[in-house]
Amino acid sequence: MNMSDDNDIIRTRREKLSRWRETDDAYANDFRRQDLAAALQERYAGQDKAALEDSLVATAVAGRVMLKRVMGKASFVTLSDVSGQIQCYLTRDGLGEAGYQEFKDLWDIGDIVGIEGTLMRTNKGELTVATSNIRLLNKTVRPLPEKWHGLTDTEARYRRRYLDLIMNEETRSTFRTRSQILHHLRHFFVERDFLEVETPMMHAIPGGAAARPFVTHHNSLDLELYLRIAPELYLKRLTVGGFERVFEINRSFRNEGLSTRHNPEFTMLEFYWAYADYRDLIELTGDLLAELTTKVLGRSAFNYQGTDIDFGKRPLQLTMAESIVVEAGFSESQVEDPQFMRDTLAAMNQKVEASWGIGRLQMAMFEARVEEKLFAPTFITHYPIEVSPLSRRNRDNPDLSDRFELFVGGREIANGFSELNDPDDQAERFRDQAKQKSEGDLEAMHFDADYVEALEYGLPPTAGEGIGIDRLVMLLTNSPSIRDVLLFPLMRPGNV
RNA sequence: GGGUCGUUAGCUCAGCUGGUAGAGCACCGGGCUUUUAACCCGUUGGUCCUCGGUUCGAACCCGAGACGACCCA
């Protein structure tokens, strides 16, 4: 765990570094690479040994030494660059006595080097650079993890992600996929005339979600500020301002525990779409998942932790009450009976507050008994108004909201609704939240008078949605933990 | 917050019932001009996570703590 500075390996490599520093070109930056490994592998895949001998293709490659095989006066070195790997053949005849000796004396696995030469193919058929000139570009001090097993210790992989990236193609692949997902999401929304915006990360009043915030302090304003728990209320202010389609992909922060599904900072996509409602969102979300998966994976179906999921098919739809009937096995009348729900939750050792109405009781039951079972993509609709303080009230049933969440793999992936744009109703909901906060609910919302004022200037009929990007990346990269899709997940400071 | 498991060489891991700490890779020395985790020979390398306890004697047993993984709340 503790990588001390005085072990034999590091001491020897430091001695080599000292010798290298005595040369003229230690830490030179004038080596120019001509080709990437993968490009060479692809371009010359069809050329056999004889063809390459005839054509004398000159190249210059650079990268990290991953493997080194010394056989007396000839050696093979495997270089790794951003694209892939290529083998190089170094000989005393090819490099000259001094050059070959420098390689033998100074080069170690892990060093960053530049190699010039011509392409050849070995007897076993591997494309190889027959080296005529070598440059040591960075004499590294610390040894890489073991070449066969790599770096497997999860703690080390998260704390020293660079080593994980050097050693594990799977890790590199995950983060390439993450980048692709973000790219295609942006493309999807920009193509549909959504404007990408950035709204504040530091809020005087945290809002837009039920969560505990991180608190910080602005010195010169002498002001308590909160890291945002969601961008929602600012994005809707922009919709008031006439940006009728906006989206933001950025971090939010929630001061909660860590788990395989939660990191205190996480990435959300939120978008707001004027003159649309939650049913339009459900359609758009279905399109989005199908298109995204096809573009990123080349197909709409994939396997997540042993279960097949297909975003090419439209997700199921159930109301929250229906889902409790179906998955938890209660009758429709039981699900609507506050006393029954309260008693049943209590019997399940679930925390229940006396003030909770049927909406919060149903929500608690849903979270306890239903959510984890929703493996196949499923939209749960008709959330109770009691747990949806920013959502539009359902026209047919005022106790319900025009809101849905999407569940995949037993996890919430998206949350969307027709926006509440009645300022008086919103003020009433905020007052209710503030009351719950004063009664000790740490996740209840603050009264945001500034936001209500914005609504008084007029939010068009609008639908808005948030999509958890980390969880989406988990699905498409088959990652069991959110830490596997965050380059630097939060860790307690350790003595590493 | 609770439970289970883990922490031994730079890395991957063994280490029996408590009796002087082991292997492979890497490193160092030697051999080898088409290898593929190259191979062969010979070395080197340790805060056994930390602190305390039990014991003639602790990597191992007990207690407390640190860090991590997973599960639960």
Taking the [atom1] atom in each of [N] and [M], what is the distance between them to the nearest angstrom?
{"N": "B:U34", "M": "B:C16", "atom1": "C1'", "value": "47 Å"}
{"N": "B:C72", "M": "B:C11", "atom1": "P", "value": "32 Å"}
{"N": "B:G45", "M": "B:A66", "atom1": "P", "value": "35 Å"}
{"N": "B:A21", "M": "B:C60", "atom1": "C1'", "value": "12 Å"}
{"N": "B:C51", "M": "B:A59", "atom1": "C1'", "value": "16 Å"}
{"N": "B:G6", "M": "B:A58", "atom1": "P", "value": "22 Å"}
{"N": "B:U44", "M": "B:A23", "atom1": "P", "value": "10 Å"}
{"N": "B:C56", "M": "B:C70", "atom1": "C1'", "value": "41 Å"}

Out of [options], whichever nucleotide has its closest atom nearest the side chain of [X]:
{"X": "A:Ile9", "options": "B:C70, B:C67, B:A26", "answer": "B:A26"}
{"X": "A:Glu146", "options": "B:A69, B:G24, B:C71", "answer": "B:G24"}
{"X": "A:Gln350", "options": "B:A69, B:A73, B:U12", "answer": "B:A73"}
{"X": "A:Pro145", "options": "B:A73, B:C71, B:C11", "answer": "B:C11"}
{"X": "A:Pro143", "options": "B:A38, B:G10, B:C11", "answer": "B:G10"}

Query raised in the report: side chain to side chain donor-acceptor pair (under 3.5 Å) with A:Asp105: which residues, sequence neighbours excluded?
Result: A:Gln101
Considering every strand and a 4.0 Å limit on heavy-atom distances, what is the contact class for [X]: base, sugar-phosphate, or nothing?
{"X": "A:Leu144", "answer": "nothing"}
{"X": "A:Gly150", "answer": "sugar-phosphate"}
{"X": "A:Thr78", "answer": "nothing"}
{"X": "A:Arg69", "answer": "base"}

Query - A:Thr12 vs A:Ala156, nearer the 5' end of RNA chain B by closest nucleotide - result: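 It is A:Ala156, whose closest nucleotide lies nearer the 5' terminus.
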Query raised in the report: Which residue lies toward the 5' end of RNA chain B, A:Lys16 or A:Pro480, if each is placed at its nearest nucleotide?
Result: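 Its nearest nucleotide lies further toward 5', so the answer is A:Lys16.
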So which nucleotide does [N] pair with, by the Watson-Crick or G-U wobble rule with both distances under 3.5 Å?
{"N": "B:G1", "answer": "B:C72"}
{"N": "B:C67", "answer": "B:G6"}
{"N": "B:U17", "answer": "none"}
{"N": "B:A58", "answer": "none"}
{"N": "B:G45", "answer": "none"}

Query raised in the report: Taking only residues at least two apart or on different chains, which pairs with a member in residues 42-70 of chain A satisfy ring-ring contact (aromatic ring centres under 6.0 Å, His included)?
Result: none
Report task. Hey, could you give me each pair passing ring-ring contact (aromatic ring centres under 6.0 Å, His included) that has a residue in residues 54-74 of chain A? Not counting sequence neighbours. Result ->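 Those involving residues 54-74 of chain A do not exist here.
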Can you check the [X] [atom1] to [N] [atom2] distance for me, whole Å?
{"X": "A:Asp8", "N": "B:C25", "atom1": "CG", "atom2": "C1'", "value": "16 Å"}
{"X": "A:Asp164", "N": "B:G10", "atom1": "CG", "atom2": "P", "value": "20 Å"}
{"X": "A:Gln87", "N": "B:A37", "atom1": "CD", "atom2": "C1'", "value": "13 Å"}
{"X": "A:Met348", "N": "B:C72", "atom1": "CE", "atom2": "C1'", "value": "14 Å"}
{"X": "A:Glu155", "N": "B:C11", "atom1": "CD", "atom2": "P", "value": "12 Å"}
{"X": "A:His262", "N": "B:C72", "atom1": "NE2", "atom2": "P", "value": "12 Å"}
{"X": "A:Trp148", "N": "B:A26", "atom1": "CH2", "atom2": "C1'", "value": "16 Å"}
{"X": "A:Asp484", "N": "B:C70", "atom1": "CG", "atom2": "C1'", "value": "13 Å"}

Query raised in the report: Which pair of non-hydrogen atoms, one from A:Ile86 and one from A:Leu127, has the smallest distance, and what is that distance?
Result: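 Result for this residue pair: CD1-CD2, 4.0 Å.
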Requested in this report: Measure the acute angle between the ring planes of A:Phe103 and A:Tyr100, then classify it against the limits of 30° and 60° as parallel, tilted or perpendicular.
Outcome: tilted
**Report entry** Parallel, tilted or perpendicular, as decided by the 30° and 60° cut-offs, for the rings of A:Tyr226 and A:His446
**Finding:** tilted
Does [N] have OP1 or OP2 under 4.0 Å away from a side-chain N or O of [X]?
{"X": "A:Arg483", "N": "B:A69", "value": "yes"}
{"X": "A:Thr152", "N": "B:U12", "value": "yes"}
{"X": "A:Ser259", "N": "B:C72", "value": "no"}
{"X": "A:Lys147", "N": "B:C11", "value": "no"}

Report summary line: Contacts satisfying salt bridge (Lys or Arg N to Asp or Glu O under 4.0 Å) that involve residues 118-135 of chain A (not counting sequence neighbours) are A:Asp25-A:Arg135, A:Asp30-A:Arg135
Report task. Not counting sequence neighbours, list each pair that qualifies as a side-chain hydrogen bond (donor to acceptor under 3.5 Å, both in side chains) and has a residue in residues 479-488 of chain A. Result -> A:Tyr158-A:Asp484, A:Thr477-A:Ser479
Query raised in the report: Are A:Gln436 and A:Arg360 close enough that a side-chain donor and a side-chain acceptor fall under 3.5 Å?
Result: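 The criterion, which ignores hydrogens and geometry beyond distance, is satisfied for A:Arg360 and A:Gln436.
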Query - Distance-only donor-acceptor test, A:Glu126 side-chain atoms vs B:U35 base atoms, 3.5 Å - result: no
Taking N or O atoms only and anything under 3.5 Å, show me the protein contacts with nucleotides 29-34 of chain B, one pair per line.
unit_1, atom_1, unit_2, atom_2, d
B:C32, N3, A:Val70, O, 3.4
B:C32, N3, A:Gly72, N, 3.0
B:C32, N4, A:Gly72, N, 3.2
B:U33, OP2, A:Lys73, N, 3.2
B:U33, N3, A:Asp93, OD2, 3.2
B:U33, O4, A:Asp93, OD1, 2.7
B:U33, O4, A:Asp93, OD2, 2.6
B:U34, O2', A:Asn123, ND2, 2.4
B:U34, O2, A:Asn123, N, 2.9

Query raised in the report: Is any NZ, NE, NH1 or NH2 atom of the basic residue among A:Arg11 and A:Asp8 found under 4.0 Å from an Asp or Glu carboxylate oxygen of the other?
Result: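 Result for this pair is yes, salt bridge flagged.
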